Amino acid sequence: MVSSLHYERDLNQSQLEAVYYSDSPLLVLAGAGSGKTRVITYKIVYLIRERGLSPYNILAVTFTNKASNEMKERVVSLLGQETEIWIKTFHSTAAAILRNKGNVFGIDPHFTIIDQQDQQSILRKIIKQLNLEPDVYKPGKYAYLIERAKDMLLDAEGAHLEGFSNDSAFFDIYRVYEKILKMENLLDFGDLILQLSRGLKSCPEALSELKKRFRYVLVDEFQDTNHAQYEILKLLTLPEGNICVVGDEDQSIYAFRGAKIENILSFSKDYNGVKIIKLEENYRSFQSILTASSHLISNNTGRFGKNLYTKKGEGEKIKFFRARSDRSEARFIAEEIHNLVFKNDYRYSDIAIFYRVNAQSRVFESVFSRVYIPFMVVGGPRFYEREEIKDILAYLRLAINPMDEISLSRIANKPPRGIGVKTVEKVVKSTIERGLSIFSFGENNSIPRSRISRVTDFIELCAELNRMVPVSDPPQLLKLLFDTSGYLEWLHREGEEERIKNLEELYNAVEEFSKEHPGSPISDFVEEVTLSQGGIEGDGQGDRVYLITLHNAKGLEFPVVFIAGMEDGVFPHYLSGDNVSDLQEERRLCYVGMTRAMERLYFSAAKVRKLYGRSIERGLSQFLMELPSELIDYSDEGDYFTPSLISGRRTSGLQGASLWGKSPRSRPREREVPDLEVDDRVIHEQYGRGKVVELEKGVASIHFEDGKRMKFLLKYTPLRKDQEVGTSESEGG
DNA sequence: ACTCGAGCGGTTTTT
DNA sequence: CCGCTCGAGT
Ligand SMILES: Nc1ncnc2c1ncn2[C@@H]1O[C@H](COP(=O)(O)OP(=O)(O)OP(=O)(O)O)[C@@H](O)[C@H]1O
């Protein structure tokens with residue numbers, strides 16, 4: 001579908017100015033929903049169409065892969081043709097350049113990118129090797145420190161010199177870690193940025209080649225770039241200043257990952273003659289949502305300040321519901337969703353539920369499955385983290401990079417083929433640790449003759465795959481892998497139906513990938529999976545409610561938003577730190593969440609929440625008190641027996657708010673599901689008499705007497721069998 | 001080499 | 001509640 005391009009129609013004056021401007025570096029600084037992303041999108045199109053830049057000459061950096069896909073689609077649709085434009089995250093940009101130019105920078109371009117799980121298992125090994133106790137010297141902590149050091153462009157040596165940490169074990173661990181990664185040709189996420197920046201600094205020819213290529217650079221979500229990323233931007237665009245960045249200081253939520261809001265301030269200093277454009281009209285949300293979110297964020301300090309307005313109406317009040325437990329919070333939301341869908345004509349996919357930590361999705365998943373609300377968990381316990389998927393990917397990684405010890409140890413014995421830990425160690429010692437690939441494993445004597453063929457057969461299998469990677473059609477290669485590795489057969493033997501299904505899904509994803517990127521080798525697929533950490537769309541589409549963390553919601557928008565778990569300790573999270581800047585970041589997170597809502601916004605909280613199986617009493621989130629009480633409709637799950645709210649001393653800004661809904665129920669009703677069959681006559685409390693025309697998974701399609709046809713979730717629908725008229729059950733023929 | 005289960009520890013947030 | 005590591009036993 002091609003949408004026509006019309007700058008003046010689709011953009012307001014300030015946006016137009018930003019799109020047309022190109023005399024100097026440009027900083028678009030504006031609040032939520034003001035059309036910053038749209039500016040970037042249209043500016044790309046404008047540069048190509050009106051300024052004659054080739055798509056090849058443009059680099060656009062987004063924050064997530066999801067965002068880059070969306071932007072790309074939009075650009076393609078506006079241009080009316082496919083392009084090979086680089087709209088990528090920092091990490092995929094870096095990966096792509098390193099694959100290309102790695103040689104020049106002294107990096108083998110067949111490197112494997114490792115995720116934090118691999119990272120931690122390597123660290124665990126190192127810590128043990130150094131004779132330290134992993135329970136004291138926690139791998140996770142060192143992974144974190146190393147990543148932060150890399151954000152600052154510090155390698156082990158540099159970190160040491162700079163006195164980056166006062167943990168004496170840190171440098172030793174970092175050093176060994178660095179050595180192992182180098183030896184096995186692995187890069188972690190931080191390395192992608194670090195190595196690129198290094199390469200560009202040390203290799204002027206490569207840099208100038210890239211500068212020639214990227215005639216204009218655009219950056220979305222600039223407030224969340226870290227030092228290293230900003231350095232790369234400067235390398236690419238100084239002194240020319242061919243750059244446009246957009247951002248909002250109130251939406252900086254990744255400080256924990258090294259993001260620096262100060263980059264916004266630095267930008268005007270580091271570049272000459274920076275033009276700043278502000279956007280003030282919000283196109284996304286109703287006024288009530290805007291007012292409430294502005295009110296909340298005004299509690300932060302160090303803001304540039306903004307004046308957002310909207311021409312949309314006032315909108316509904318914001319609703320807040322306090323439930324007894326996390327489970328009944330989920331039931332309440334389920335019921336509300338049901339109403340929104342069946343009474344207010346929303347689609348499921350118009351609705352999103354945001355939460356602070358991934359673990360919160362569980363309750364929703366369980367309750368929603370029970371009442372047949374279709375949902376999708378964005379970025380949760382991910383598809384690609386399942387064991388069988390990781391295994392198959394490890395085969396591929398090893399085939400691509402035969403020095404990848406992590407992948408080797410993972411699959412050497414899956415399926416069991418008589419290669420144990422010890423044997424793997426021997427292989428590693430004689431190959432990888434000597435800077436050789438496992439394919440060079442030869443006449444090795446430490447392994448008994450009787451067993452050596454198991455090893456050589458396995459290595460031959462890998463070598464075969466390795467030869468096929470660059471030349472094979474990815475789906476075919478995958479099939480071959482399933483068979484020749486014996487993996488699929490193994491699952492069959494073990495009766496692992498679920499896992500086999502998952503592998504089928506993986507196959508579908510690869511097929512899909514191949515369709516979208518004809519001619520690309522399977523290594524590209526593996527890379528995409530690694531970099532996007534499992535957030536594949538695939539078939540996940542369809543009309544479903546979104547379950548998503550607040551962090552992941554950045555940049556998205558939904559007609560209806562629920563922010564769940566508005567409890568002290570959950571949000572702000574008790575581990576988020578207690579200094580002012582930590583609290584302010586949590587507040588920004590809340591602001592981000594609220595401003596995703598277009599039409600309706602709900603908050604909810606539970607009085608008692610399960611944590612590690614124990615029930616814990618929870619107070620309310622302080623952010624609720626920071627909302628203007630006149631904009632909030634408060635309701636409480638009938639708690640005549642629950643004293644905590646009454647005795648609980650905090651009366652808060654919510655005091656005096658009206659109870660919404662005339663008859664607050666003591667609990668969301670769990671209706672008796674009437675025992676229905678197709679053709680049964682029924683009576684609906686609201687719509688009157690009708691007939692069941694279809695029944696599926698607890699959803700009934702009813703044909704009413706007035707001709708209307710509607711679908712209902714039985715569990716939540718006031719339906720009963722029609723006794724009087726229904727007389728003969730077999731009447732409907 | 002491989003399987004199984006007791007025991008433990010741990011929860012932010014993500015590319 | 002859940003997943004992971006480690007140790008015992010086959
Ligand atoms: N000039 C415009 N006229 C009408 N709608 C617009 C205009 N500009 C943007 N929009 C719409 O407003 C919404 C928000 O736009 P966009 O996502 O670009 O804002 P943003 O500033 O990037 O938001 P955020 O920072 O909150 O993610 C989108 O639905 C977009 O289509």
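Keep in mind that what you see is a predicted model, and the values were worked out from it rather than measured. Residue numbers start from 1 in every chain, and the chains themselves are labelled A, B, ... in the order their sequence lines are given, proteins ahead of strands. What you see below is based on every heavy atom in this structure, not just the backbone, and it leaves out hydrogens, waters and symmetry mates.
Rounded to an integer number of Å, the gap from A:Gln120 CD to B:dG9 P is 17 Å. Counting to the nearest Å, the C1' atom of B:dT12 and the CZ atom of A:Arg609 are 14 Å from each other. Put simply, CZ on A:Phe354 is 17 Å from C1' on B:dT12, counting in whole angstrom units. Spacing between atom NZ of A:Lys414 and atom P of B:dT3 amounts to 10 Å, rounded to whole angstrom units. The distance from atom NE2 of A:His551 to atom C1' of B:dT14 is 8 Å, rounded to the nearest whole Å. The distance between atom CG of A:Asp568 and atom P of B:dT12, rounded to the nearest whole Å, is 17 Å. Distance, A:Phe256 CZ to B:dT12 C1': 8 Å, rounded to whole Å. Between the C1' atom of B:dT14 and the CD atom of A:Glu221 lies a distance of 13 Å, rounded to the nearest Å.
Summary of the strand contacts: A:His91 and A:Val421 both lie near DNA chain B, and taking for each the nucleotide with the nearest heavy atom, the more 5' one is attributed to A:Val421. For A:Lys422 and A:Leu611, each mapped to the nucleotide of DNA chain B holding its nearest heavy atom, the one lying further toward the 5' end belongs to A:Lys422.
For the pair A:Asn358 and B:dT14, the criterion of a side-chain N or O lying under 4.0 Å from OP1 or OP2 is met. Contact check, A:Lys138 against B:dG10: a side-chain N or O comes under 4.0 Å of OP1 or OP2. Checking the phosphate oxygens (OP1, OP2) of B:dA1, a side-chain nitrogen or oxygen of A:Thr423 falls inside 4.0 Å. Taking only side-chain nitrogens and oxygens, A:Ser576 never comes nearer than 4.0 Å to OP1 or OP2 of B:dT13.
Residue A:Lys554 is classed as having no contact, given no heavy-atom separation below 4.0 Å to the nucleic acid. Contact annotation for A:Leu589: no contact, since no heavy-atom pair falls under 4.0 Å across all strands. Among the protein residues, A:Arg417 comes within range of the sugar-phosphate backbone only, with heavy atoms under 4.0 Å from sugar or phosphate atoms but none that close to a base. Across all strands, A:Ser92 comes closer than 4.0 Å to no nucleic acid atom at all (heavy-atom distances). Residue A:Glu585 is out of contact with every strand shown, counting any heavy-atom pair closer than 4.0 Å. Across all strands, A:Tyr254 comes closer than 4.0 Å only to sugar-phosphate atoms, never to a base (heavy-atom distances).
In this structure, the nucleotide among B:dT3, B:dT15, B:dT12 sitting nearest to the side chain of A:Pro416 is B:dT3. Taking the side chain of A:Leu575 as heavy atoms from C-beta on, and the options B:dT15, B:dT12, B:dT13, the nearest nucleotide is B:dT12. Side-chain proximity of A:Thr89 to the nucleotides B:dT15, B:dT12, B:dT14 is greatest for B:dT15. Residue A:Glu586 places its side chain closer to B:dT12 than to any other of B:dA1, B:dT12, B:dT15. Closest to the A:Asn552 side chain, of the nucleotides B:dT12, B:dG10, B:dT14, is B:dT14. Listed nucleotides: B:dT14, B:dA1, B:dT15. Nearest to the side chain of A:Phe189: B:dT15.
Between the P atoms of C:dC4 and B:dT13, the separation comes to 15 Å (whole Å).
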* To do: Check the pair A:Phe375 / A:Phe364 against ring pair (Phe, Tyr, Trp, His ring centres under 6.0 Å), numbers first and verdict last.
  => CA-CA 9 Å; A:Phe375 63 87; A:Phe364 291 105; 9.5 Å; no
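Test A:Lys125, A:Glu425, A:Arg410 against A:Glu405 for side chain to side chain contact (heavy atoms under 4.5 Å, CB included) and you get one pass: A:Lys125.
Seen from the ring of A:Phe458, A:Arg454 does not count as a face-on cation partner, given the 6.0 Å and 45° thresholds. Judged by a 6.0 Å distance limit and a 45° cone about the ring axis, A:Arg99 is positioned over the six-membered ring of A:Phe111. Remark: A:Lys554 is positioned above the aromatic ring of A:Phe63, its terminal NZ or CZ atom under 6.0 angstrom from the ring centre and at most 45 degrees off the axis.
Taking the six-membered ring where the residue is Trp, A:Tyr602 and A:Phe562 present parallel rings, their angle staying beneath 30° rather than reaching 60°. Using a 30° and 60° split on the angle between ring planes, A:Tyr487 and A:Trp490 fall in the perpendicular class, above 60°. Between A:Tyr254 and A:His551, the angle of the ring planes goes over 60°, which puts this pair in the perpendicular group of the 30/60° scheme.
When side chains are defined from C-beta on, A:Ile389 counts as touching A:Leu503, because their heavy atoms get closer than 4.5 Å.
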* To do: Going 5' to 3' through nucleotides 1-10 of chain C, assign each nucleotide B (protein heavy atom under 4.0 Å from a base atom), S (under 4.0 Å only from sugar-phosphate atoms) or - (no protein heavy atom that close).
  => BS--SS----
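The aromatic ring of A:Phe90 is not stacked on the base of B:dT15, since the criterion of ring centres less than 5.5 Å apart with planes inclined by under 30° is not met.
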